[in-house]
2 protein chains.
Amino acid sequence: MGEAVPDTEQKIKEAAKRVFLEYGFEGAKIRQIAEAADVNIALVNYYFRSKEQLFNSIYRETFAEFVGKMVVLLNEKTPLEVKIWKIVDRYTDFILDNQMMPAFILTQQRKEGAAFFRELDVRSIIQGSYFWKQLQEASAKGEIRAIDPLQIVISVMGSIIFPIMAGGVLSYIGTFDEQSFRDFIEARKKIIPEMIMTYLKSG
Amino acid sequence: MGEAVPDTEQKIKEAAKRVFLEYGFEGAKIRQIAEAADVNIALVNYYFRSKEQLFNSIYRETFAEFVGKMVVLLNEKTPLEVKIWKIVDRYTDFILDNQMMPAFILTQQRKEGAAFFRELDVRSIIQGSYFWKQLQEASAKGEIRAIDPLQIVISVMGSIIFPIMAGGVLSYIGTFDEQSFRDFIEARKKIIPEMIMTYLKSG
DNA sequence: TACAGTTTTAAACAACTGTTTAACAAAATT
DNA sequence: AATTTTGTTAAACAGTTGTTTAAAACTGTA
């Protein structure tokens with residue numbers, strides 16, 4: 001909102017984000033980033049001291065935004081069933097808008113472990129969330145089956161993220177064009193909550 | 001079973017597989033591969049003409065093995081419910097034994113699309129499988145709810161692959177050590193089939 | 001043993017990488 | 001207006017990369 005005209009630093013950041021997301025850390029070249037930002041290569045090191053620091057600042061920022069959205073979703077004060085529908089709906093849209101993020105985060109994970117997750121205290125965010133409490137309480141009251149809430153969280157996340165992450169492969173298998181891929185993902189907004197809820201309510 | 005003593009070419013292939021899986025194509029260096037194989041760097045180019053061809057031969061091989069296992073699983077002639085339990089059980093073990101493969105395949109996908117999937121005709125493998133037929137027929141008979149079989153396949157795959165792929169992050173969130181991570185995944189062998197089956201049977 | 005083919009080696013090559021330099025331009029400060 | 005600070009540039013630097021070379025060691029064969 002009312003953002004200033006993008007200065008050089010911002011131009012580099014945006015270009016770098018695109019290039020890093022598409023090619024990964026090693027695959028992305030500083031000259032490529034500079035060209036994408038329409039800027040002299042020396043300027044990249046002028047504003048960010050090194051490729052590594054440029055990468056880190058971008059990765060943190062993007063990931064923090066990612067986590068931020070998650071916090072909001074997990075803590076909305078709506079009943080459990082409605083909540084799950086909402087989470088799936090909005091989380092799906094978010095991942096659709098940032099399709100390369102999950103693969104990028106998971107690739108990065110194999111290099112540096114869960115460092116950024118730890119920094120942002122993602123554990124507390126999840127386990128301290130209202131959603132987490134809802135699952136525990138509903139389970140204690142016997143409204144839903146007794147289960148580790150983390151199993152549910154992972155199931156929901158995996159169900160949403162995996163098909164989007166594997167978009168290219170999935171589109172080939174289903175003979176999808178862009179639109180039918182979207183339809184397939186859109187259909188999951190109904191399937192996933194139903195699957196989770198029938199499971200939680202049964203047993 | 002009675003494999004011959006590994007010759008130089010094989011030694012390089014095995015080292016390269018490890019290094020490529022861990023560091024990706026750009027991240028893996030020929031000198032690193034040669035060192036891991038305890039071999040002169042020139043030999044890598046002597047047996048495989050280039051880094052790219054070395055990578056391709058390994059990737060194809062590994063991926064073909066991956067697909068091969070899948071074919072067997074999908075075509076076993078057991079009843080649908082038992083089949084789903086078996087698929088989840090054995091597919092989980094297979095991914096556990098090749099933890100880096102999914103991330104690797106999905107990373108590769110962003111570079112070359114679904115080329116290898118197309119080569120191996122994975123679409124026909126899935127849609128021509130006995131499992132696919134079982135889902136369609138059970139659905140037609142009204143034994144299970146009407147649903148696109150691909151939605152089920154993707155849900156099962158995502159549920160299995162995602163937590164293993166995100167192993168590092170998951171272990172941090174759950175405060176897992178190696179053993180409790182295994183337990184968590186092991187527990188999913190029961191959860192996933194139950195979730196899928198209750199969903200298919202309801203509605 | 002001599003010879004032809006294959007395998008292995010150390011060294012070099014050229015291209016590319018991230019990074020730095022030193023000069024120049026623009027903007028801000030005095 | 002003079003001067004300092006900030007932003008930008010082309011060029012170079014040193015290290016790494018994938019790849020090639022040319023000679024050596026090894027293998028089997030005549």
Side-chain angles (χ1 to χ4, degrees), chain A residues 3-63 100 104 107-108 110-112 115-116, chain B residues 3-63 100 104 107-108 110-112 115-116:
Chain A
E3 192 118 333
V5 177
D7 56 341
T8 306
E9 187 171 347
Q10 199 55 33
K11 258 169 56 186
I12 295 174
K13 231 174 183 168
E14 282 163 16
K17 183 176 173 179
R18 274 181 278 126
V19 177
F20 274 133
L21 276 175
E22 184 165 357
Y23 296 94
F25 180 75
E26 334 262 356
K29 312 299 177 189
I30 294 231
R31 280 165 180 81
Q32 186 186 7
I33 292 170
E35 194 188 8
D38 193 28
V39 132
N40 189 286
I41 50 166
L43 279 182
V44 180
N45 278 45
Y46 175 76
Y47 284 104
F48 311 85
R49 296 160 48 88
S50 69
K51 183 187 182 182
E52 186 135 356
Q53 287 191 43
L54 169 62
F55 176 82
N56 276 344
S57 78
I58 286 168
Y59 185 51
R60 276 163 202 265
E61 199 172 88
T62 311
F63 183 65
M100 281 167 305
F104 186 68
T107 303
Q108 212 49 30
R110 82 181 158 195
K111 272 195 229 154
E112 24 185 4
F116 283 144
Chain B
E3 192 116 334
V5 177
D7 57 340
T8 305
E9 187 172 348
Q10 199 56 33
K11 257 169 57 186
I12 295 173
K13 232 173 183 169
E14 282 163 16
K17 182 176 173 180
R18 275 182 277 127
V19 177
F20 275 132
L21 277 175
E22 183 165 357
Y23 297 94
F25 181 75
E26 333 263 356
K29 312 299 176 188
I30 293 232
R31 280 167 180 79
Q32 186 186 8
I33 292 170
E35 194 188 8
D38 193 29
V39 133
N40 189 286
I41 50 165
L43 279 182
V44 180
N45 279 44
Y46 175 76
Y47 284 105
F48 311 85
R49 298 159 49 86
S50 68
K51 183 187 183 183
E52 186 136 356
Q53 287 191 41
L54 169 61
F55 176 82
N56 277 344
S57 77
I58 285 168
Y59 185 51
R60 277 161 201 266
E61 200 172 86
T62 311
F63 183 64
M100 281 167 306
F104 185 69
T107 302
Q108 212 51 29
R110 81 180 160 198
K111 272 195 228 154
E112 24 184 2
F116 284 144

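So you know, we letter chains A, B, ... as the sequences are listed, proteins then strands, and number each from 1. Here the structure is a predicted model, which means the values were calculated and not measured.
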Quiz item: If you check every side-chain atom of A/Ala42, which of C/dG18, D/dA10, C/dT7 has the closest atom?
Solution: D/dA10
Using whole Å, what does the distance between atom [atom2] of nucleotide [N] and atom [atom1] of [X] come to?
{"X": "B/Phe55", "N": "D/dG18", "atom1": "CZ", "atom2": "P", "result": "13 Å"}
{"X": "A/Phe48", "N": "C/dT20", "atom1": "CZ", "atom2": "P", "result": "15 Å"}
{"X": "B/Glu9", "N": "C/dT6", "atom1": "CD", "atom2": "C1'", "result": "13 Å"}
{"X": "B/Lys11", "N": "C/dT7", "atom1": "NZ", "atom2": "C1'", "result": "12 Å"}
{"X": "B/Ile12", "N": "D/dT19", "atom1": "CD1", "atom2": "P", "result": "13 Å"}
{"X": "B/Leu43", "N": "D/dC26", "atom1": "CG", "atom2": "C1'", "result": "13 Å"}

Quiz item: Do the side-chain N or O atoms of B/Tyr46 get closer than 4.0 angstrom to the phosphate oxygens (OP1, OP2) of C/dT9?
Solution: no
Practice problem: May I ask you to evaluate whether A/Thr8 reaches the phosphate of D/dG7, defined as a side-chain N or O under 4.0 Å from OP1 or OP2? | Solution: no
Exercise. State plainly whether the residues A/Glu61 and A/Lys13 are in salt-bridge range, i.e. N to O under 4.0 Å.
Key: yes
Exercise. Search all heavy atoms of B/Ala15 against all heavy atoms of B/Ile33 and return the closest pair with its distance.
Key: CB-O, 3.8 Å
Practice problem: With a 4.0 Å heavy-atom cut-off, tell me which residues in residues 17-41 of chain B come close to DNA chain D, sorted by residue number. | Solution: B/Ala28, B/Lys29, B/Ile30, B/Arg31, B/Ile41
Self-check item: Pairs touching residues 25-43 of chain B that satisfy salt bridge (Lys or Arg N to Asp or Glu O under 4.0 Å), sequence neighbours left out
Solution: B/Glu26-B/Lys111
Exercise. Any chance you could lay out the ring-ring contact (aromatic ring centres under 6.0 Å, His included) test for A/Phe104 and A/Tyr59, step after step, and finish with the verdict?
Key: CA-CA 9 Å; A/Phe104 186 68; A/Tyr59 185 51; 5.4 Å; yes
Would you tabulate the side-chain donor-acceptor contacts of residues 41-57 of chain A under 3.5 Å, counting partners in other chains and residues two or more places apart, or write 'none'?
{"residue": "A/Ser50", "atom": "OG", "partner": "A/Glu52", "partner atom": "N", "Å": "3.4"}
{"residue": "A/Ser50", "atom": "OG", "partner": "A/Gln53", "partner atom": "N", "Å": "3.2"}
{"residue": "A/Lys51", "atom": "NZ", "partner": "A/Phe25", "partner atom": "O", "Å": "2.9"}
{"residue": "A/Lys51", "atom": "NZ", "partner": "A/Ala28", "partner atom": "O", "Å": "2.9"}
{"residue": "A/Ser57", "atom": "OG", "partner": "A/Leu54", "partner atom": "O", "Å": "3.0"}

